[in-house]
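These numbers were taken from a predicted model, which means no experiment stands behind them. In what follows, chains are A, B, ... by sequence order, proteins preceding strands, each numbered from 1.
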Amino acid sequence: MQTYRLAPDDRAKPASSPPAADEVLSGLNPEQREAAAATDGPVLIIAGPGSGKTRALTHRIAYLVATGKARPSQVLAITFTNKAAREMRERVDRLVGGDISRYMTIGTFHATFARVLRREAEALGYTPDFSIYDTDDSQRAVRQLMESYHIDPKQFTPRAMLGLISSAKNRLVGPSEYARLAVGAAQEKAAKLYPAYQDLLRKSNAMDFDDLLLRPIDLFRNHPEVLDRYRERWRFVHVDEYQDTNHAQYVLTKLLADGHRNLCVVGDDAQSIYAFRGADISNILSFQRDYPEATTVRLEQNYRSSKSIVRLADGIIRNNTKQLEKNLWTDNDEGEPILVLEALSEKDEAQKVERRIRDLCVRRGLRYRDIAVLYRTNAQSRSMEEALRREDVPYRIVGGVSFYQRREIKDALAYMRLAVNPHDSGSLRRIMNVPVRGIGDKSQDLLFAWAERAGLSAWEALQRIDEVSDLGSRAVRTMTAFRDLVAGFIEAAPTAPAGDLARRIVNETGLMHELLREQTLENLVRRENLEELVSAIQSFTEDPDTESTLSAFLQEVSLLTDADERGTGDDKVTLMTLHASKGLEFAAVFVTGLEEGLFPLSGAAQNPEDLEEERRLFYVGTTRAERLLYLTYARSRYRYGEQESAVRSRFLDELDPSLLRTETGDPFASRPDRFAPRPAVKYDTLAPDYFRASLRPEPGVGARKPGAPPTFGRGTPGLGAGALRGPAPAPRRLPEEERPRRDAYDEDETRRIVYDEEPPSALATGMRVEHSLFGEGKIIAMEGSGAQAKATVFFPEVGQKKLMLRLANLRRIG
DNA sequence: TATCTCAACCTTTTT
DNA sequence: GGTTGAGATA
């Protein structure tokens, strides 16, 4: 968790005296130096991959402070991720000395303005304890609304509806304007939901991710004196990864910077990969129009990659039409040719990658942490994980389901949100019957409908439960019990230490108890997660550097992704999506799944703009590599539960073959004519099962009809893979799942395992241990002590687990 | 009202 | 392969 002070006293001298200005700039090349030292007026830094753009930005911040141009608190730096923010802080501290960065505002747009909103909530009619809804929460809300508006969730998914609303919000289009602009069935439905959705959020004292940007804009526009305060405070504004800002972020930046015009943005239009969530590349392209007096610096030298990688990447991006001309070059060695690996299936692909990884470590002396495996979709991580696990190669997955996204955690968090913000009807709905307490959907609907009619929040309606018509006596009874339970939490929230309250909630609601009912692997992990949540809350609120309330914790946590998690230090291979790899670098990189329909994704291949974004994504992926780059594809892949044949990606054939080698050492042969029209192939069902091909339309065949409106999110219904498929193969019997037999534990046994066992002492890294459910494994790391002691154990059978010793009952063996 | 079973449908990418 | 929704049953 990052430290943040609302009212820092940074006039106090930093621990060590600031270094001389030119000292801060040493170690930069002339262009970077120019960018860092241009501190008067707007600056645009156009920078290629690996050019040290974030570095230039960081040095600029240090330079501002060292020259006395800015006090630390006057610095605002917006990064793309929390992790980037943390790294920037560390570097600033190293450059300037001491812990100067704590006085600066460094963070993502969302985190920064969530804190602003916390301070200014009243001016907007919210309380500082407002809830933050993530995409999941928002989707639930939309789904709820769709029910009352009788919109069929099959025809229009909540996800798609929310997407439309969200993109309207990002463009600052309000509900009434959107209703005027809406074209087509989907948008008209969304136009109905939009005002209701906003209404629901406001009544719940809640904001979604978009609101975190929109409400500050409202604030600044309607309260000029507040805007002046923030302009005064943040005299120097910096935005990293500017190519990925959306319209709301653009407006926000402009509002803040227009007074003093000390705005420095850094970006690379070629690395814009977030258009799908509203990023607007024209923000960076029109910077010079908005700020004609801006200094523009180009960073074109690449320090990261070998010549062949830079040349390959340059070749990729030249296939795009809309691109600022840039001259990428590097002084680095020629390096090695890029290797293309062809595999039979995704399993084979994973195995080939895994072998290469071990080879790189054994023969080339790379460490695991120097290696990254990148893929287009999260689903692809599975086969890779299996292969690595089989050979005991340690790995870390970035992204995917993060800790705070897990169901049990979200349930617990919902109770806590409700405790600090009782009007949060979304959270109330989520947990009213969790764990199951006999309050069914029907009763809930009645309650919510009544609340709606009475203009009350669901919580207020619960206070007047006797007046709610049509409720059965049983429902009234269970709801009253629920109300009294939650009332206890609400009452305790303002005064009780947050850790205590969290523990109370986990215990008294029965969330924990529920997980004791059945002794499964799943439940054990869930219990440990709840324990970990409670201790996380404890340590957050005990930290003197942060605002130590439960509601502050809840707000911080809803903006956390696990890309941000600790443990960058340990030696593991990194697995992540191409999107998540932005800004990182590795000695060796595998870009996997280079197949038509996957990368580029099938939906994107039809639309030239989407295709260019996919290509930029490929560009981003390849430029993560310093020395070794591998491009892999499989000729068949398991998707939607069936093995489908695959064609290698067009991106491979766009590459300069002279830079590529195949596994046998032969040059790579491109097939430029691959996209010429071909007769549709028919596969009969007698073909070996794993080569059964889906009869997907060939690329191009399924393209949008000319003149038809663009479809958002989903393709044309009815033309999916299922429509043309032959008879389904006989279902394959899965081996009986290995579960502990229920009768292996009697009541006493269960309790003993969970509570009474002394924490096994004298466990240490490297020891082999046995776990009742996971089997045998090896301890990779230990942390914490006493009741909080945890061990990270690698189980060959199930993978890596972090276990609380108090609960896990580990036995040393061997 | 809760819980079980079966079938449809599904997948981008994320602050 | 996994999830989610509908329908049947206790």
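Going from atom NE2 of A:His247 over to atom C1' of B:dT15 covers 18 Å, rounded to whole Å. Put simply, CD on A:Glu385 is 15 Å from P on C:dG1, counting in whole angstrom units. The interatomic distance linking A:Phe80 (CZ) with B:dT14 (C1') rounds to 7 Å, in whole Å. B:dT15 atom P lies 13 Å from atom CG of A:Leu213, rounded to whole Å. Taking atom CD of A:Glu612 as the reference point, atom P of B:dT13 lies 22 Å away to the nearest angstrom. Between the CG atom of A:Leu617 and the P atom of B:dT12 there is a distance of 14 Å, rounded to whole Å. Between the CG atom of A:Leu374 and the C1' atom of B:dT13 there is a distance of 13 Å, rounded to whole Å. Between the P atom of B:dT15 and the CG atom of A:Asp136 lies a distance of 14 Å, rounded to the nearest Å.
Listed by chain and number, the residues in a side-chain hydrogen bond (donor to acceptor under 3.5 Å, both in side chains) with A:Ser166 are A:Asp210 (sequence neighbours excluded). Remark: A:Phe156 pairs with no residue by the ring pair (Phe, Tyr, Trp, His ring centres under 6.0 Å) rule, at least two apart or across chains. Applying the salt bridge (Lys or Arg N to Asp or Glu O under 4.0 Å) rule to A:Arg624 yields no partners; only residues at least two apart in sequence or on another chain are considered. Under the rule for a side-chain contact (heavy atoms from CB on, under 4.5 Å), the partners of A:Ala168 that lie at least two apart in sequence or sit in another chain are A:Arg171, A:Val173, A:Tyr178, A:Tyr194. Every residue two or more places apart in sequence or in another chain was checked for a side-chain hydrogen bond (donor to acceptor under 3.5 Å, both in side chains) with A:Thr592, and none qualifies. Take A:Glu585 and apply the side-chain hydrogen bond (donor to acceptor under 3.5 Å, both in side chains) test, not counting sequence neighbours, and it matches A:Arg304. The salt bridge (Lys or Arg N to Asp or Glu O under 4.0 Å) check on A:Lys442 picks up nothing, with sequence neighbours excluded. Residues passing the side-chain hydrogen bond (donor to acceptor under 3.5 Å, both in side chains) test with A:Asn246 are A:Asn170, sequence neighbours excluded.
Comparing atom distances between the A:Thr108 side chain and each of B:dT13, B:dT14, B:dT15 picks out B:dT15 as nearest.
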Hey, mind stepping through A:Ser649 and A:Glu595 against side-chain hydrogen bond (donor to acceptor under 3.5 Å, both in side chains) and telling me if it holds?
CA-CA 4 Å; A:Ser649 171; A:Glu595 294 138 40; over 6 Å; no

Given side-chain hydrogen bond (donor to acceptor under 3.5 Å, both in side chains), test A:Ser551 with A:Arg417 step by step and report yes or no.
CA-CA 7 Å; A:Ser551 91; A:Arg417 279 184 189 171; over 6 Å; no

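Side-chain atoms of A:Thr577 and base atoms of B:dT14 include no donor and acceptor less than 3.5 Å apart.
A:Gln643 and A:Ser636 are linked by a side-chain donor-acceptor pair at a separation below 3.5 angstrom, with hydrogens and angles left out of the test.
Between the side chain of A:Arg437 and the backbone N or O of A:Met432, at least one donor-acceptor pair lies under 3.5 Å. Within the 3.5 Å criterion, the main-chain N or O of A:Glu349 finds no donor-acceptor partner in the side chain of A:Tyr633.
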Pairs: protein N or O with nucleotides 2-6 of chain C N or O, under 3.5 Å:
from: C:dG2; atom 1: OP1; to: A:Arg382; atom 2: NH2; distance (Å): 3.4
from: C:dG5; atom 1: OP1; to: A:Arg143; atom 2: NH1; distance (Å): 2.5

Give each protein N/O atom lying under 3.5 Å from an N/O atom of nucleotides 1-3 of chain B, with the pair distance.
from: B:dT1; atom 1: OP1; to: A:Ser443; atom 2: OG; distance (Å): 2.5
from: B:dA2; atom 1: OP1; to: A:Gly438; atom 2: N; distance (Å): 3.0
from: B:dA2; atom 1: OP1; to: A:Ile439; atom 2: N; distance (Å): 3.3

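Taking the six-membered ring where tryptophan is involved, the planes of A:Phe113 and A:Trp234 are perpendicular, since the angle between them exceeds 60° and thus also 30°.
DNA chain B forms stems at B:1-9 with C:2-10, each a run of 3 or more consecutive Watson-Crick or G-U wobble pairs whose two key distances fall under 3.5 Å.
Between A:Asn378 and B:dT12 there is no side-chain N or O to OP1 or OP2 distance below 4.0 Å.
Listed in residue order, the members of residues 266-278 of chain A having a heavy atom less than 4.0 Å from DNA chain B are A:Tyr274, A:Phe276, A:Arg277.
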